[in-house]
There are 2 protein chains.
Amino acid sequence: MTSPNSSREGSLGELEHIVLLTLVRLGDDAYGMSVRSTIHELIGRDISIGAIYTTLERLQDKGYVRSSMGEATAKRGGRAKKYFKVTAKGTKALRAVRSNLEVLWQGIQIFGSLDGEFGRI
Amino acid sequence: MTSPNSSREGSLGELEHIVLLTLVRLGDDAYGMSVRSTIHELIGRDISIGAIYTTLERLQDKGYVRSSMGEATAKRGGRAKKYFKVTAKGTKALRAVRSNLEVLWQGIQIFGSLDGEFGRI
DNA sequence: ATTATTTATTCTACAATTTAGAAAAAATGA
DNA sequence: TCATTTTTTCTAAATTGTAGAATAAATAAT
């Protein structure tokens with residue numbers, strides 16, 4: 001690549017998109033394991049924990065999230081969690097992706113209609 | 001990988017998602033170049049033509065689209081186009097992705113509100 | 001106090017997807 | 001014939017997605 005294609009802002013990999021969105025949803029309780037189980041509960045997708053963490057790390061490298069260590073809790077296996085928080089930049093990326101998807105889906109009619117709408121961003 | 005994770009149905013790569021959706025939009029006029037320009041017009045993303053074609057081919061390998069050659073047109077450079085059509089399987093994948101996204105975005109509130117909704121699928 | 005179990009993160013290596021750019025093909029126009 | 005245009009194909013590489021094993025740190029059980 002010579003010139004870094006700038007038209008690619010508002011572009012997130014599929015898993016990055018899902019993970020970032022789940023972080024927003026989880027708020028203060030967002031860490032590796034909870035992200036994984038929440039995604040599973042919401043859409044039934046079983047992503048390995050290793051995949052979750054590499055994605056989280058890449059998201060951090062890109063400045064879309066930051067992380068901070070919590071404290072251990074007094075229960076079996078309650079080691080300290082690494083919490084993740086979406087940055088302003090991450091929020092912006094999410095908004096852009098959302099906006100693009102709305103345009104792309106606008107007017108698309110495929111039988112079997114699902115009539116939901118996206119939540120506000 | 002030992003067992004092919006089946007929870008991954010209703011999963012399309014980001015570009016696959018965009019391209020498939022654009023094929024639906026274009027209907028009978030969907031071929032490499034038109035897909036590329038339409039995406040550019042809709043979301044301003046400048047994807048190389050090579051990238052479009054590799055995606056189209058992969059989509060075909062997965063059975064999400066089929067292709068057929070058209071005829072040459074009587075104009076400069078009017079060589080025969082390769083038209084693409086979304087299959088029932090492709091439509092199904094699109095519906096699943098859409099459904100998952102609706103769930104994931106449900107209830108997400110990020111300032112700067114975009115209040116559109118997805119088109120029906 | 002050693003060992004087991006649980007929750008959690010990190011590491012490693014590979015597969016799949018995305019990407020650009022150059023090459024080739026097939027048409028008309030000069 | 002040579003140039004130009006529209007279109008597809010090929011090639012190589014970067015980025016993203018993936019699982020599984022290893023490690024760590026806590027409490028529970030013996």
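Atom set for the values below is all heavy atoms of this structure, side chains included, hydrogens, waters and symmetry mates excluded. Lettering of chains follows the sequences in order, A, B, ..., and the numbering in each one begins at 1.
Computed from coordinates, the L20(B) CG to dT18(C) P distance equals 11 Å when rounded to whole Å. Note: CD1 (I39(A)) to C1' (dG17(D)) measures 12 Å, nearest angstrom. One can place OH of Y31(B) at 12 Å from C1' of dT5(D), the figure rounded to the nearest angstrom. If you measure from atom CD of E14(A) to atom P of dT18(C), you get 9 Å, rounded to the nearest angstrom. For H17(A) and dT18(C), the NE2 to P distance is 14 Å, given to the nearest whole Å. Protein atom CG of L15(A) is 13 Å distant from nucleotide atom C1' of dA19(D), rounded to whole Å. Residue I52(B) contributes atom CD1, which lies 11 Å from atom C1' of dT19(C) at whole-angstrom precision. Straight-line distance from the CG atom of L12(B) to the P atom of dG17(D): 13 Å, rounded to whole Å.
Residue F84(A) is the one, among F84(A) and S48(B), whose nearest nucleotide of DNA chain C lies closer to the 5' end (criterion: closest heavy atom).
Residue I49(A) has its side chain nearest to dT10(C) when only dT19(C), dT10(C), dA19(D) are considered. Minimum atom distance to the side chain of R8(B) is reached by dT18(D), of the listed dA8(C), dT18(D), dT19(C).
The one candidate from V19(A), T22(A), D29(A) that meets the side-chain contact (heavy atoms from CB on, under 4.5 Å) condition with T38(A) is T22(A).
Using a 4.5 Å heavy-atom threshold, the side chains of T91(A) and R95(A) count as touching. Side-chain contact between D28(A) and K85(A) is present, with heavy atoms from C-beta onward closer than 4.5 Å. Considering only heavy atoms from C-beta on, L23(A) comes within 4.5 Å of L56(A) through its side chain.
Near DNA chain D, defined here as any heavy-atom distance below 4.0 Å, the residues from residues 55-74 of chain A are R58(A), K62(A), A72(A), A74(A), listed numerically. The stretch residues 75-82 of chain A touches DNA chain D through K75(A), R76(A), G77(A), R79(A), each having a heavy atom within less than 4.0 Å of the strand.
Residue G50(A) is in base contact, counting any heavy-atom pair closer than 4.0 Å across all strands shown. Within the nucleic acid shown, R45(B) comes within 4.0 Å of sugar-phosphate atoms alone, with no base atom in reach, counting heavy atoms only.
Note: Q106(A) CD to I108(A) CD1 = 9.0 Å, rounded to the nearest 0.5 Å.
Between R25(A) and E41(A) there is no salt bridge, since no side-chain nitrogen of the basic residue lies less than 4.0 Å from a carboxylate oxygen of the acidic one. Under 4.0 Å is where a charged nitrogen must lie from a carboxylate oxygen, and between E16(A) and R58(A) no such pair does.
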Practice prompt. For salt bridge (Lys or Arg N to Asp or Glu O under 4.0 Å), just list the numbers for R8(B) and D46(A), CA-CA rounded to whole Å, side-chain angles, deciding distance to a tenth of an Å, and then say yes or no.
Written response: CA-CA 7 Å; R8(B) 207 165 156 295; D46(A) 205 0; over 6 Å; no
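The phosphate of dT19(C) (OP1 or OP2) has no side-chain N or O of N5(A) nearer than 4.0 angstrom.
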Show me the donor-acceptor pairs within less than 3.5 Å that the side chains of residues 64-79 of chain A make with the rest of the protein, sequence neighbours left out.
residue	atom	partner	partner atom	Å
S67(A)	OG	Q60(A)	OE1	3.3
S67(A)	OG	Q60(A)	NE2	3.1

